[in-house]
Amino acid sequence: PVRAPRTFRMGFSAIPPRPDQAVTLQSLSLWPSGHADAAIMHISVPYVALLSGLTAPQEVRGNELGLANYYRAKGTTSLQSSGSVPQLFVSAQVETAWGRFQGGGYVGIAQDLADFPFIDCLGLSSYPYLGGYADPESVPLDYYARLRAESARPVLVVEGGWTATSIGAIASSPAEQARYLAHQGRLLDSARAVALFHLTFTDLDLSALNVPPGSGLPLFAHLGVVDSALGPKPALAAWDEVLARPFAP
């Protein structure tokens, strides 16, 4: 069937289900060439390495370069080779902008724009199930587009998703997560977004992570499109259905 084009690239980060090198490599072997056309690297400033005397190029060659080269070998997007100029962005929490955590209406991102006037585009962090939305289809179609209009900049989702399990007062399921990914495609279309990134391709194996009592991590443990044993969830088919649309920026 003829599919409507998408303006956004799609991908994940390398976060594994548990701290195990073999599992990390197994996970990485699954998605960069089959379920994504981009990848994201969330990296903190390596203060310890830099303060110890390493130069920035030395630190990158010893750590991040290997992963970047792996992604390139799998065919994900290289900004330099495509002629694109890297864009500077910060991320805003969509639920906060819509007043979902404060119990009110849309409050916007004026403060974010005042604090970071130099950004080229706007990153979006969005977990609607934490913002009180009971089902995916209740998320407004202009959920991202309204922030794009306010910022007057391109937008990209840099983290987010919908849990596949019920936890506390949140009721969800694998089928509901899959419905969210289908609906999220419509949110991205409405905003003419440039990218969609989920931090986790896999669910997290909480039993192997030594999670302390009271941690909020369980709220984010079931966002993967495969489970912690790398088995496919309904979300994977929904993700791939959006990915199958031709990319036309």
Side-chain angles (χ1 to χ4, degrees), residues 6-15 36-47 50 56 64 77 79 84-163 170 177 180-181 183-201 215-221 223 242 249:
R6 56 181 166 90
T7 59
F8 47 93
R9 292 197 179 277
M10 300 171 63
F12 305 90
S13 80
I15 296 175
D37 57 9
I40 194 167
M41 297 169 69
H42 283 246
I43 302 165
S44 300
V45 178
Y47 289 109
L50 296 178
E64 289 76 28
T77 309
L79 291 176
S84 299
V85 177
Q87 302 291 294
L88 186 65
F89 70 88
V90 296
S91 62
Q93 190 67 40
V94 181
E95 287 70 43
T96 300
W98 278 83
R100 301 297 298 187
F101 295 145
Q102 306 93 306
Y106 184 84
V107 296
I109 53 172
Q111 189 61 58
D112 301 90
L113 298 176
D115 290 341
F116 304 100
F118 47 81
I119 59 174
D120 301 305
C121 48
L122 179 68
L124 304 177
S125 169
S126 179
Y127 301 89
Y129 66 98
L130 295 179
Y133 290 102
D135 60 85
E137 293 78 12
S138 65
V139 180
L141 280 177
D142 64 345
Y143 201 54
Y144 302 154
R146 191 165 181 181
L147 274 69
R148 173 174 180 149
E150 184 179 351
S151 69
R153 295 169 174 84
V155 295
L156 65 159
V157 175
V158 295
E159 64 170 293
W162 193 282
T163 184
I170 297 170
Q177 182 195 28
Y180 171 73
L181 290 177
H183 186 63
Q184 189 179 31
R186 296 187 281 273
L187 306 183
L188 293 158
D189 289 339
S190 178
R192 290 193 59 81
V194 297
L196 165 64
F197 292 106
H198 280 207
L199 289 186
T200 50
F201 173 69
S215 169
L217 189 60
L219 291 170
F220 304 92
L223 298 173
V242 179

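It should be emphasised that the depicted structure is a prediction, and the values quoted were computed from it without experimental measurement. Values below: every heavy atom of this structure, side chains too, minus hydrogens, waters and symmetry copies. Numbers for residues simply follow the sequence, beginning at 1.
For the pair Pro128/Trp162, a side-chain contact is recorded, criterion being any heavy-atom separation below 4.5 Å from C-beta on. At a threshold of 4.5 Å between non-hydrogen side-chain atoms, the residues Val194 and Arg9 do not count as touching. No side-chain heavy atom of Asp112 sits under 4.5 Å from any side-chain heavy atom of Val90. By the 4.5 Å heavy-atom criterion applied to side chains, Leu188 and Met10 are not counted as neighbours. Counting heavy atoms from C-beta on, the side chains of Leu122 and Arg148 never come closer than 4.5 Å. Side-chain contact between Leu130 and Ile170 is present, with at least one heavy-atom pair separated by less than 4.5 Å. Side-chain contact between Phe220 and Leu199 is absent, with no heavy atoms from C-beta onward closer than 4.5 Å. Residues His198 and Gln184 have side chains in contact (heavy-atom distance under 4.5 Å, counting atoms from C-beta outward).
A donor-acceptor pair under 3.5 Å is formed between the side chain of Ser190 and the backbone N or O of Leu141. With hydrogens and angles disregarded, no donor-acceptor distance shorter than 3.5 Å links the side chain of Thr77 to the backbone of Ala39. When atom types are taken as modelled, the side chain of His42 and the backbone of Ser13 share no donor-acceptor pair closer than 3.5 angstrom. Of the possible polar contacts, none joining the Tyr180 side chain to the Thr163 backbone as a donor-acceptor pair under 3.5 Å is found.
Minimum heavy-atom separation, Glu95 to Gln93: OE1-NE2, 2.7 Å. Considering all non-hydrogen atoms of both residues, Val155 and Ala191 come closest at CG2-CB, 4.0 Å. Contact between Phe197 and Ala38 at its shortest, heavy atoms only, is CE2-CB, 3.8 Å. Glu64 and Ile43 make their closest contact through CG-CD1, 3.1 Å (heavy atoms, listed as atom of the first residue, atom of the second, distance). Gln102 and Thr96 make their closest contact through NE2-O, 3.1 Å (heavy atoms, listed as atom of the first residue, atom of the second, distance). Closest of all the heavy-atom pairs between Leu223 and Tyr129 is CD2-OH, 3.6 Å.
When the shell of 6.0 Å around CZ of Arg192 is examined, it contains 12 or fewer heavy atoms from other residues, nucleotides or ligands.
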>> Could you go through Arg153 and Leu113, starting from their C-alpha distance and side-chain angles, then the distance that decides it, and tell me whether this counts as side chain to side chain contact (heavy atoms under 4.5 Å, CB included)?
In response: CA-CA 11 Å; Arg153 295 169 174 84; Leu113 298 176; 3.6 Å; yes
>> Determine whether Val94 and Leu147 satisfy the following criterion, side chain to side chain contact (heavy atoms under 4.5 Å, CB included), listing intermediate values before the conclusion.
In response: CA-CA 8 Å; Val94 181; Leu147 274 69; 4.3 Å; yes
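The ring pair (Phe, Tyr, Trp, His ring centres under 6.0 Å) check on Phe12 picks up Trp31, Phe201, Trp239, with sequence neighbours excluded. For Phe89, the side chain to side chain contact (heavy atoms under 4.5 Å, CB included) test picks out Cys121, Leu156, Val158, with sequence neighbours left out.
Annotation: salt bridge (Lys or Arg N to Asp or Glu O under 4.0 Å) contacts involving residues 134-147, sequence neighbours excluded, comprise Glu137-Arg179.
Atom CD1 in Ile109 sits 8.0 Å away from atom CG in Leu124 (nearest 0.5 Å). Rounding to the nearest 0.5 angstrom, the gap separating the CD1 atom in Ile15 from the CD1 atom in Ile40 is 10.0 Å.
With respect to Tyr143, the ring pair (Phe, Tyr, Trp, His ring centres under 6.0 Å) criterion is satisfied by exactly one of Tyr127, Trp98, Tyr106: Trp98.
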